[in-house]
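What follows is a single structure, written as structure tokens, with notes after it.
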Amino acid sequence: MTLQQEIVGNAMQMAVVNLRPGQTVYCEAGKFLFKTANVTMETRLSGPSGGGGQQQGGSGGMGGLLRQAMGTAMQVGQRMLAGESLAFQYFTAQGGEGTVGFAGVLPGEMRALELDGTRAWFAEKDAFVAAESSVEFGIAFAGGRTGMSGGEGFILEKFTGQGTVIIAGAGNFIDLNPADFGGRIEVDTGCVVAFEEGIQYGVQRVGGLNRQGIMNAVFGGEGLSLATLEGNGRVILQSLTIEGLANALKKAQGGDKQGPTGGLFSTHAG
């Protein structure tokens, strides 16, 4: 059943979720804002894919416990490799309806995605905010060559199952379908928030190793690569990149090291 939620706010949006009695929603640690007193909160290392959001008791005896422990360790290892939070927080309404509030970590928009079980969704790292327990959270890898050449998007969040998942990004969102633009769009690698299964994600070099290619990389501010999105499906892009926000803050503090060249010569102050 669809999660009852409302996204409120403008520059820094929040998701207010209304839980039915016994209904559970989970979030990445650090995305919780508030809850009503009748909503219980529990922090676990295991995700819903390890048992629908429920702790497995002694099912299967010692073998079942061992399989559960190994499954949890694998999930934690994947999230650690991806740089994600190691734990999830679960919220369940007890004795009546309850309310929970969540938010992202950057100024920007939020979006509720409805999964019907036929298509998965992929999102950038840290986009996940919260989901009902029928949605499974996983880690996907875009592929060695894609990830290493692009510098971003190598590790993606993956959502499967049925239900509502809430994601967040920076700046404003725009929804596009590559099929409406000849089947392919090219995007700054930091602007991709999420896309449906069926969209082919890749990374391509900006221009060739010629004068114009070098000018694009050094002075264009995009570096050497662009993300490519092909196919027929929904794509969500954001207007603000984390690198762009970091550079703006450095500049405001008088510590901007990027200068007019950007791109290849941009540096990050330690």
Side-chain angles (χ1 to χ4, degrees), residues 7 9-15 27-33 79-86 102-111 122-129 139 141-142 146-157 166-174 176 185-195 201-207 209 211-229 235-270:
I7 294 176
N10 297 305
M12 187 71 184
Q13 292 189 321
M14 301 168 286
C27 76
E28 186 178 39
K31 304 291 178 70
F32 163 72
L33 286 181
R79 295 199 298 270
M80 182 181 297
L81 180 62
E84 302 281 356
S85 170
L86 299 185
F102 304 100
V105 295
L106 293 172
E109 287 195 43
M110 302 181 74
R111 188 67 55 83
F122 297 89
E124 68 168 346
K125 289 168 55 179
D126 296 325
F128 173 67
V129 176
I139 300 296
F141 298 89
T146 295
M148 287 186 287
S149 62
E152 298 182 51
F154 170 64
I155 298 173
L156 300 169
E157 298 174 336
I166 300 171
I167 60 172
N172 293 321
F173 285 175
I174 182 172
L176 299 174
I185 55 176
E186 299 173 355
V187 185
D188 182 301
T189 53
C191 287
V192 179
V193 179
F195 54 90
Y201 173 85
V203 175
Q204 73 169 24
R205 187 179 300 277
V206 180
L209 294 177
R211 180 177 179 275
Q212 187 56 54
I214 294 173
M215 290 288 286
N216 287 340
V218 176
F219 296 100
E222 304 300 333
L224 292 171
S225 303
L226 287 176
T228 61
L229 297 158
V235 172
I236 301 175
L237 306 179
Q238 61 189 5
S239 62
L240 177 64
T241 67
I242 296 178
E243 184 180 6
L245 177 61
N247 286 333
L249 292 174
K250 289 178 185 177
K251 186 175 181 180
Q253 295 172 350
D256 179 35
K257 300 298 181 180
Q258 181 168 338
T261 58
L264 211 61
F265 294 149
S266 64
T267 60
H268 300 277

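Given the structure is predicted, the values throughout are model-derived calculations rather than measurements. What's counted below: heavy atoms across the whole structure, side chains too, no hydrogens, waters or symmetry copies.
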| task | Could you pull out the closest heavy-atom pair between V193 and L237, with the gap in Å? | result | CG2-C, 3.8 Å

| remark: Separation between CG (L106) and OG1 (T241), nearest 0.5 Å, reads 10.5 Å

| note | On a heavy-atom basis, the closest approach of V105 and M12 is C-CE, 4.0 Å

| Euclidean distance, I139 CD1 relative to L156 CG, rounded to 0.5 Å | 8.5 Å

| Taking every non-hydrogen atom, the tightest pair across C27 and V129 | CB-O, 3.0 Å

| query | Looking at CG of L229 and CD of E186, how far apart are the two atoms once the value is rounded to the nearest 0.5 Å? | reply | 10.0 Å

| said: Could you report the tightest heavy-atom contact between T189 and A227, atom names first, then the distance? | reply: CG2-N, 3.5 Å

| task | Determine, using ring centers only, whether Y201 and F195 are less than 6.0 Å apart. | result | yes

| query | Rounded to the nearest 0.5 Å, what separation is found between the CG atom of L33 and the CE atom of M14? | reply | 7.0 Å

| Donor-acceptor pair, side chain of S239 and main chain of G171, under 3.5 angstrom | no

| Sub-3.5 Å donor-acceptor pair from the side chain of E157 to the main-chain atoms of D126, do we have one? | yes

| said: Below 30° counts as parallel, above 60° as perpendicular, anything between as tilted: where do the rings of F102 and F32 land? | reply: perpendicular

| message | Using only atom types and a distance under 3.5 Å, with no angle test, would you say the side chain of K125 pairs donor to acceptor with the backbone of I155? | response | no

| When you measure from the side chain of Q13 to the backbone N and O of M110, does any donor-acceptor pair fall under 3.5 Å? | yes

| Is E109 reaching over with its side chain to a backbone N or O of Q238, donor-acceptor style, under 3.5 angstrom? | no

| message | Looking at every non-hydrogen atom in both residues, tell me the closest pair between A168 and G104 and how far apart they are. | response | CB-CA, 4.0 Å

